[in-house]
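Working notes for the structure below.
All values reported here derive from a predicted model rather than from experimental measurement. These numbers come from the heavy atoms of this one structure, side chains and all, not from hydrogens, waters or symmetry mates.
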Amino acid sequence: MSRRTLAGALSLAAALTVSAVPLAASASQQAVQFPTSKFPLGVPSVPDKKLTAVVPGVDEYDLTAGKSTDGYTVTVLMPSGRDYGQQTTAETKASEVEAAGETPSVQRVVRPRVADAPEQVVYMVRVGLWAFKDKAKAAETAKKLNDAGVKSRVDYLGDDGLKTTGPWNVHVVMIDAKTFKGSYVSSIGTSVAKRETVSEMAKARGAIVGVNGGFFNIHTAKELRGEPVGASVVNGKLLSEAIPGRSAVVLQGRTARITELKTSVTAISQDGAKQPVNGVNRAAATDELVLYTEEYGAKTPADGGTDAVLDANGKVVGLRASGADIAAGTRVLHGSGVASDWLNEHAWQDWTVKVDTKVTDLRKGRALKLTPDLNVIAGYGGLVRNGHVKITAKRDGQDNINMILRRHPRTLLGVTRNGSLILAAVDGRQPGQSIGANFPEAAQLMRWLGAVQAVNLDGGGSTAMVVKDKVANHPSDGKERGVGDALLVLPQ
């Protein structure tokens, strides 16, 4: 069979050009008015919406827009295991498909340019195109190819991130800064190490609304996977260090703002010796000094290192072998390798070791005051800044096709011109019901809703919005996933 190359190769740079979507309200108006313009994704249309007044100043919207027209194809996997590669690799794979008796299409895909990374051109090998109702036929072709040694899978075209008609199911909470009388906080649940659902964290605090927070560490020991990846501050206490320069949401009282942070933690012995603290409430690497707080919820690493147990005033109440719990009212400085040596030399029994903690707002260029009303959640992908789309995928560690281009469930946070808060949960990975969003679409959506600053939080199966103890959206796992932290809206 002859090879069939896709004509008019698709380019997302054109397909996803961000239009000048008008903001929902001017500075003199209530900034959380629902937009009157058409839904900005796919073919612009007036969305169906259901409004629920939750409490004074807090409104919930259930939106549906677009329609299902996407079908299925079979995607051939490259030697790397990815579904894309360089053109020469794709051509080689296409030859294997031909040898297996099927007709391949080599598809050129452009991952769009973002604010801090250039566009990326890759190639995919696809076989066939089936209507939504004919997924089983696509599966038959995938099986034939796999049986022939050509690794393949069935793909829903709506997930690609290219042109689509939807559909979208979006749950939005708008909180008016002028009338809402409650507050915003972050929660890590019962401990840093443990993962819990948003529902569990919201119920424990009596929250009106809750959404999942930032990413958590799935690459550490199973019992530690609730650990936030990036900055976490709860009630003025640093529970996880920042990844320098990445996005974060700073919550204080009933204000929320988006910025970039860095953190600095230093142990200072009473003899004047200083040692950088490499991390907070996470697994320790060789030669690292790590601070563990009573919120950690797990034992210090049993790595042959040293633990210096500090009381609330920084007094060393004991030195011990590592691998024990953190008692209430104490903190532990754990050192391995050279960091263990430092503790044994400068953290003697009954000495004082000060732990100097700084959280610096990089936009304002000054340290945040770690007061009890300060809370921080890490963001993962800046979307909107000063009213303009500004996707900072590389800075936030998301400079890849999967995060920028592909559609996933998304949890999004935005702030309006007058400081009101917008929370959005975009359902996805549900063919025929809701396809999710990619980064450019997420940015468009938040501008349409009225955000002048917006950021992406964790998404995928983690996306969950809880309103008055009920899950408002449809998590893609079929149920809520345990997550590392959550943003909660409290009645006071």
All heavy atoms of Leu145 vs all of Glu102, minimum pair found to be CD2-CG, 4.0 Å
Just how far is it from atom OG1 of Thr88 to atom NZ of Lys93, taken to the nearest 0.5 Å?
13.0 Å
Show your working on side chain to side chain contact (heavy atoms under 4.5 Å, CB included) between Arg153 and Asp83 and close with a plain yes or no.
CA-CA 9 Å; Arg153 72 171 186 226; Asp83 54 10; 2.5 Å; yes
Is atom CD of Glu223 surrounded by more than 12 heavy atoms (other residues, nucleotides or ligands) closer than 6.0 Å?
yes
Would you please say whether a donor-acceptor pair under 3.5 Å links the side chains of Asp361 and Thr259?
yes
Nearest 0.5 Å please: distance from the CD1 atom of Ile243 over to the OG1 atom of Thr263.
9.5 Å
Please indicate whether Lys237 has more than 12 foreign heavy atoms, meaning atoms of other residues, nucleotides or ligands, lying under 6.0 Å from its NZ.
yes
Closest approach of Gly461 and Ser476, non-hydrogen atoms and distance?
CA-OG, 3.4 Å
CZ (Arg363) with more than 12 external heavy atoms under 6.0 Å
yes
Step by step, work out the side chain to side chain contact (heavy atoms under 4.5 Å, CB included) result for Asn375 and Asn235.
CA-CA 6 Å; Asn375 293 267; Asn235 299 332; 3.9 Å; yes
Is a side-chain donor or acceptor of Asp159 paired with a backbone partner of Arg429 at a separation under 3.5 angstrom?
no
What verdict does the side chain to side chain donor-acceptor pair (under 3.5 Å) test give for Asp427 and Asn473, after you've listed the backbone C-alpha separation in whole Å, the side-chain angles of each residue and the deciding distance to 0.1 Å?
CA-CA 7 Å; Asp427 285 337; Asn473 71 311; 3.1 Å; yes
Is a donor from one side chain sitting under 3.5 angstrom from an acceptor on the other, for Ser240 and Glu227?
no
About how many Å separate CG of Leu63 and CZ of Phe39, when rounded to the nearest 0.5 Å?
6.5 Å
Test item: Thr220 and Arg225 side chains (from C-beta on) under 4.5 Å apart, heavy atoms:
yes
Give a yes-or-no answer on whether the side chains of Asp485 and Ser186 include a donor-acceptor pair shorter than 3.5 Å.
no
Apply ring-ring contact (aromatic ring centres under 6.0 Å, His included) to Tyr72 and list each qualifying residue two or more places apart in sequence or on a separate chain.
Phe132, Tyr156
When rounded to the nearest 0.5 Å, the distance separating CG of Leu413 from CE of Met446 is 6.5 Å
Under 3.5 Å, sequence neighbours excluded: what are the donor-acceptor pairs made by side chains of residues 50-61?
none

Would you name the heavy atoms of Asp399 and Ala117 that are closest together and state the gap between them?
OD1-CB, 3.6 Å
What distance separates Leu129 CG from Lys137 NZ, expressed to the nearest 0.5 Å?
12.5 Å
Apply the test side chain to side chain contact (heavy atoms under 4.5 Å, CB included) to residues Ser232 and Ile188: give CA-CA distance (whole Å), side-chain angles for both, the deciding distance (0.1 Å), then the verdict.
CA-CA 9 Å; Ser232 174; Ile188 46 85; 3.8 Å; yes
Between atom CG of Asn438 and atom CZ of Arg410, what is the distance when rounded to the nearest 0.5 Å?
7.0 Å
Test side chain to side chain contact (heavy atoms under 4.5 Å, CB included) applied to Val471 and Val466, step by step:
CA-CA 4 Å; Val471 181; Val466 174; 4.3 Å; yes
Is there a side-chain contact between Lys394 and Val114 (heavy atoms, below 4.5 Å)?
no
Any side-chain donor paired with an acceptor under 3.5 Å for Asn212 and Ser462?
no
Identified side chain to side chain contact (heavy atoms under 4.5 Å, CB included) partner of Val376 from the options Leu261, Leu239, Val234
Leu261
Polar side chain donor-acceptor pair, Thr392 to Arg246, under 3.5 angstrom
no
